[in-house]
Amino acid sequence: MKTAETDTYSIKVICPHDIAQIRVIEIIATCETTQLVCTQCGEALEEPKTEC
């Protein structure tokens with residue numbers, strides 16, 4: 001009796017980050033913390049920054 005073995009492969013898709021959006025993280029009084037993120041995969045492209 002023969003048994004078949006199958007290998008499992010993982011394919012990592014590399015996102016080109018062509019489309020980005022600014023996500024508002026927090027608003028306190030007149031200060032706003034924002035972060036630039038990729039629209040397609042959701043990865044953060046910049047560190048959060050606060051503007052007052």
Which pairs would a plain distance check flag for residues 37-52, meaning a side-chain donor or acceptor within less than 3.5 Å of a matching protein atom at least two apart in sequence or in another chain?
unit_1 : atom_1 : unit_2 : atom_2 : d
Thr39  : OG1    : Ile19  : O      : 3.4
Thr50  : OG1    : Thr33  : OG1    : 3.1

Residue pairs, two or more places apart or on separate chains, that pass side chain to side chain donor-acceptor pair (under 3.5 Å) and touch residues 18-27 = none

In the hydrophobic clustering (ILVMFWY, side-chain contacts below 4.5 Å, transitive), which residues join Val24, or is it alone?
-> Ile27

Please say whether more than 12 non-hydrogen atoms of neighbouring residues, nucleotides or ligands are located less than 6.0 Å from CD1 in Ile22.
-> no

